[in-house]
Protein chains: 2
Amino acid sequence: MTAPFAAYLREHSLPVTAQRLAIAEVLLSSDRHLSAEEISRDLESRSIRAATATVYRTLDLLVTSGLVVERDFGEGFRRFEPARDIPQHEHLICASCGVVREFRDERLDRMTTLIAESNGFTRQGHRLEIRGLCADCLAHGAGERAR
Amino acid sequence: MTAPFAAYLREHSLPVTAQRLAIAEVLLSSDRHLSAEEISRDLESRSIRAATATVYRTLDLLVTSGLVVERDFGEGFRRFEPARDIPQHEHLICASCGVVREFRDERLDRMTTLIAESNGFTRQGHRLEIRGLCADCLAHGAGERAR
DNA sequence: ATTACTGCAAACAATTTGCAGCGAA
DNA sequence: TTCGCTGCAAATTGTTTGCAGTAAT
């Protein structure tokens with residue numbers, strides 16, 4: 001899981017350290033959108049120690065390497081997810097429990113390009129978030145991780 | 001411009017103070033998406049003094065009153081815009097100069113509702129942002145207010 | 001008179017930075 | 001060895017909160 005990151009580091013003659021690999025491992029093997037704090041906690045639970053600053057510095061590296069993408073769901077902090085192979089996708093966020101579901105819709109690229117053009121802009125990218133209630137939260141009562 | 005806010009305050013038996021009116025005036029008469037700091041600076045330039053805390057506390061009031069909406073463009077701080085009468089609109093943001101242009105597209109409501117449903121979610125709302133270069137920045141060289 | 005507001009400064013949370021010491025290459 | 005990394009703590013930034021004093025009702 002961490003091989004591509006190690007490769008990236010070597011290619012750029014940057015030290016391949018235990019902390020960097022551990023952080024990459026946690027994030028790259030996860031299928032969730034993790035915050036810096038969640039990564040720190042995960043490392044702690046695995047009895048791997050890495051200072052907060054190191055986590056942030058490594059996240060920078062992972063983002064510039066292209067292996068990880070940064071997300072901002074307006075929570076007041078950032079989240080990170082493995083880039084995987086999905087070229088562009090959108091997020092469905094449960095307003096109650098916070099679960100994030102990804103989806104892809106081809107129409108959006110075309111649509112946003114047209115909208116941009118009709119406003120005199122040249123499109124570079126877009127971001128769509130849908131908020132709502134997931135099936136679970138709808139079935140059971142109020143959720144927990146609300147915001 | 002500040003009349004509806006004064007009305008709101010009176011209806012809720014809350015003091016109508018000079019600071020509150022000044023902050024509402026700055027924001028409600030603006031057609032931009034202002035940050036708390038920009039509002040503070042604007043007040044300063046008009047020689048009106050209001051502490052940062054007061055600006056934030058008044059912004060809370062304006063948002064709960066429904067006269068102002070809060071936005072998060074992932075800049076690390078929030079922006080506020082008068083609610084006006086536009087029920088729902090999206091943002092086109094210039095990646096170079098930061099200018100924000102609003103647009104509306106009816107299809108999005110339907111489209112996002114369907115997408116949510118096909119993923120087992122009940123749609124509550126959505127947010128679409130398109131990033132690109134505005135006509136000006138495209139014509140002239142590199143912009144200034146990049147991020 | 002009440003009650004809520006205001007400014008100020010301290011408190012906070014997420015993130016960044018400076019620096020001495022440690023560890024890859 | 002030589003850089004660059006790491007931990008730690010201090011610094012930053014956007015925002016919130018506690019409190020004594022002040023102003024709106």
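Being a predicted model, the structure only gives us computed values, none of them experimental. Every chain is numbered from 1 and lettered A, B, ... according to where its sequence line falls, protein lines coming before strand lines.
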Discussion item. B/Met111 and side-chain contact (heavy atoms from CB on, under 4.5 Å): which single residue from B/Thr113, B/Ile115, B/Leu114 fits?
Written reply: B/Ile115
Worksheet item: Linking I/L/V/M/F/W/Y whenever any side-chain heavy atoms sit under 4.5 Å apart, do A/Tyr56 and A/Leu27 land together?
Response: no
Rounded to whole angstrom units, what separation is found between the [atom1] atom of [X] and the [atom2] atom of [N]?
X       : N      : atom1 : atom2 : value
A/Phe77 : C/dA13 : CZ    : P     : 13 Å
A/Glu70 : C/dT16 : CD    : C1'   : 14 Å
B/Asp72 : C/dA14 : CG    : P     : 14 Å
B/Arg20 : C/dA4  : CZ    : P     : 11 Å
A/Asp60 : C/dA14 : CG    : C1'   : 13 Å
A/Arg49 : C/dC22 : CZ    : C1'   : 13 Å

Item to complete: Remember a base hit wins even if backbone is also touched, and classify B/Tyr56 as base, sugar-phosphate or nothing at under 4.0 Å, heavy atoms.
Response: base
Response to the item:
Span of DNA chain D engaged by chain A, first through last nucleotide within the 4.0 Å heavy-atom cut-off, is D/dG4 to D/dC8
Practice prompt. Output the distance between atom CD (A/Glu102) and atom NE2 (A/His33), rounded to the nearest 0.5 Å.
Written response: 4.0 Å
Heavy-atom closest contact ([X] atom, [Y] atom, distance):
X       : Y       : answer
A/Arg32 : A/Pro82 : O-CD, 4.1 Å
B/Arg49 : B/Gln19 : O-CG, 4.0 Å
B/His91 : B/Phe73 : ND1-CE2, 3.6 Å

Worksheet, complete the sentence: Comparing A/Val16 with B/Gln19, nearest DNA chain C nucleotide closer to 5' gives the residue B/Gln19
Discussion item. For a quick test of reading the model: is some side-chain N or O of B/Thr54 closer than 4.0 Å to OP1 or OP2 of C/dG7?
Written reply: yes
Practice prompt. Take A/Leu61 and A/Ala53, find for each the nucleotide of DNA chain D with the closest heavy atom, and name the residue whose nucleotide sits nearer the 5' end.
Written response: A/Leu61
Fill in: Residue whose nearest DNA chain D nucleotide is more 5′ - B/Leu14 or A/Arg57
A/Arg57
Discussion item. Is the shortest side-chain heavy-atom distance between B/His12 and B/Ser65 below 4.5 Å?
Written reply: no
